[in-house]
Student: 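Take this structure first; my questions come after.
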Amino acid sequence: KIIAHGVKDAKAARKAISHGVDFVEIDVSKRFLFNKFTSQHNGLMGLFGFGPLLEKILTAEFRTRAFLDLKPVSPRASFAFKLSELIVKMKLEDPKICGHNWAMISALAYQNNAKPYYTLKNQRSINKFRRMIHNLKKPAGFSVHHDLINEKFMQEFKKKSVEIWTFTVNDIQEAKRLTELKVDGIITDKWENLLSLVHRH
């Protein structure tokens, strides 16, 4: 699977999907004052939660193709509760959710039948996850920094019905290496290049 990284609006999502991308990754934040969820990606605008409202991006055509990366910038309990309400309101079916707050993602998964993709960014987070795994809902997958992925990692974390999606891969040679290791998804800014690679093979 090819996942377009950091999609900011419906126009960008529509373009990526129309060209053959499997999913669009949307960074999700929440505005303090307006209690609204927004998309955001990097920069000060993202830091302060400004961006298109999530409801405007998650139209019917994208609801099954969205990969939500949670970036809470408000109290976590409030963030999780309000996002849970939004998932119900928008009738999202089995939404795929990733992020670093595994406990919150696990709770959302139990409440809404969401698919938890726990984010692993370095060796420290891998060690921490090993300690916490029994307190979390079984993963549907992992969102993993590409430098961490090798044969040993795949043997430990790649299980039946558990997917490995890797971020953020913009180099074709690295994409080939990861494909040979049988990752299930590649998150990329250069999705057009990776689509060309897939078509060639």
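Computation of the quantities below employed the complete heavy-atom set of this structure, encompassing side-chain atoms and omitting hydrogens, waters and symmetry-equivalent molecules.
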Student: For V21, does its backbone N or O pair with a side-chain atom of R65 as donor and acceptor, under 3.5 Å?
Tutor: yes
Student: Rounded to the nearest 0.5 Å, what separates atom NZ in K71 from atom CG in D27?
Tutor: 4.5 Å
Student: Check whether more than 12 heavy atoms from other residues, nucleotides or ligands sit under 6.0 Å from atom CD of E156, and answer yes or no.
Tutor: yes
Student: Given the rule that I, L, V, M, F, W and Y join up when any side-chain heavy atoms are under 4.5 Å apart, are V144 and M154 in one cluster?
Tutor: yes
Student: Going only through I, L, V, M, F, W and Y residues with side-chain contacts under 4.5 Å, is there a path from Y118 to I26?
Tutor: yes
Student: According to a hydrophobic-cluster definition based on side-chain heavy atoms being under 4.5 Å apart (Ile, Leu, Val, Met, Phe, Trp, Tyr only), do I97 and M90 belong together?
Tutor: yes
Student: Is the backbone of I187 close enough, under 3.5 Å, to the side chain of T168 for a donor and an acceptor to pair up by distance?
Tutor: no
Student: Measure the NE2-NZ distance between H100 and K128 for me, rounded to the nearest 0.5 Å.
Tutor: 10.5 Å
Student: Please examine the side chains of F157 and V162, heavy atoms only from C-beta on, and report whether any two atoms are closer than 4.5 Å.
Tutor: no
Student: Check whether any side-chain heavy atom of N101 sits under 4.5 Å from a side-chain heavy atom of I105, and report yes or no.
Tutor: no
Student: Are P95 and I87 side-chain neighbours, meaning at least one heavy-atom pair lies under 4.5 Å?
Tutor: yes
Student: Can a donor-acceptor pair be found, under 3.5 Å and without considering hydrogens, that links the side chain of T179 to the backbone of A175?
Tutor: yes
Student: Measure from the ring center of F23 to the ring center of F67 and say whether it is less than 6.0 Å.
Tutor: no
Student: When you compare the side chain of L108 with that of L70, does any pair of heavy atoms fall below 4.5 Å?
Tutor: yes
Student: Considering the options K182, K115, K158, K1, which one meets the salt bridge (charged side-chain N to carboxylate O under 4.0 Å, His left out) requirement together with E163?
Tutor: K1
Student: Taking it one step at a time, do I164 and L178 satisfy side-chain contact (heavy atoms from CB on, under 4.5 Å)?
Tutor: CA-CA 10 Å; I164 305 296; L178 295 162; over 6 Å; no
Student: Apply side-chain contact (heavy atoms from CB on, under 4.5 Å) to N122 and S125, showing your working.
Tutor: CA-CA 5 Å; N122 51 36; S125 64; 3.4 Å; yes
Student: Under a 4.5 Å side-chain heavy-atom rule over Ile, Leu, Val, Met, Phe, Trp and Tyr, are L83 and V88 clustered together?
Tutor: no
Student: So if I apply the side chain to side chain donor-acceptor pair (under 3.5 Å) rule between T188 and each of N170, T166, N193, which one comes out positive?
Tutor: N170
Student: Verify whether one side chain among N127 and R124 offers a donor that lies under 3.5 Å from an acceptor in the other.
Tutor: no
Student: Ignoring hydrogens, what is the shortest heavy-atom contact between S106 and K137? Give both atom names and the distance.
Tutor: OG-N, 2.8 Å
Student: Within 45° of the axis and under 6.0 Å from the centre of the six-membered ring of W165, does NZ or CZ of K96 qualify?
Tutor: no
Student: Are I186 and W191 grouped together when hydrophobic residues (ILVMFWY) are joined by side-chain heavy atoms under 4.5 angstrom apart?
Tutor: yes
Student: Side chains of F129 and L136, heavy atoms from C-beta outward: is any pair under 4.5 Å?
Tutor: yes
Student: Please walk me through it: do L194 and I172 pass side-chain contact (heavy atoms from CB on, under 4.5 Å)?
Tutor: CA-CA 7 Å; L194 265 67; I172 291 294; 4.0 Å; yes
Student: Could you measure the distance from the NZ atom of K138 to the OG atom of S161? Nearest 0.5 Å is fine.
Tutor: 4.0 Å
Student: Walk me through whether E180 and R177 qualify under salt bridge (charged side-chain N to carboxylate O under 4.0 Å, His left out).
Tutor: CA-CA 5 Å; E180 290 172 358; R177 181 185 77 85; over 6 Å; no
Student: Determine, using ring centers only, whether F167 and H146 are less than 6.0 Å apart.
Tutor: no
Student: Would you sort out whether L120 and H145 count as a side-chain contact (heavy atoms from CB on, under 4.5 Å), showing the intermediate values?
Tutor: CA-CA 6 Å; L120 302 174; H145 191 281; over 6 Å; no
Student: For residues P116 and W102, determine if any side-chain heavy atom of one lies less than 4.5 Å from a side-chain heavy atom of the other.
Tutor: no
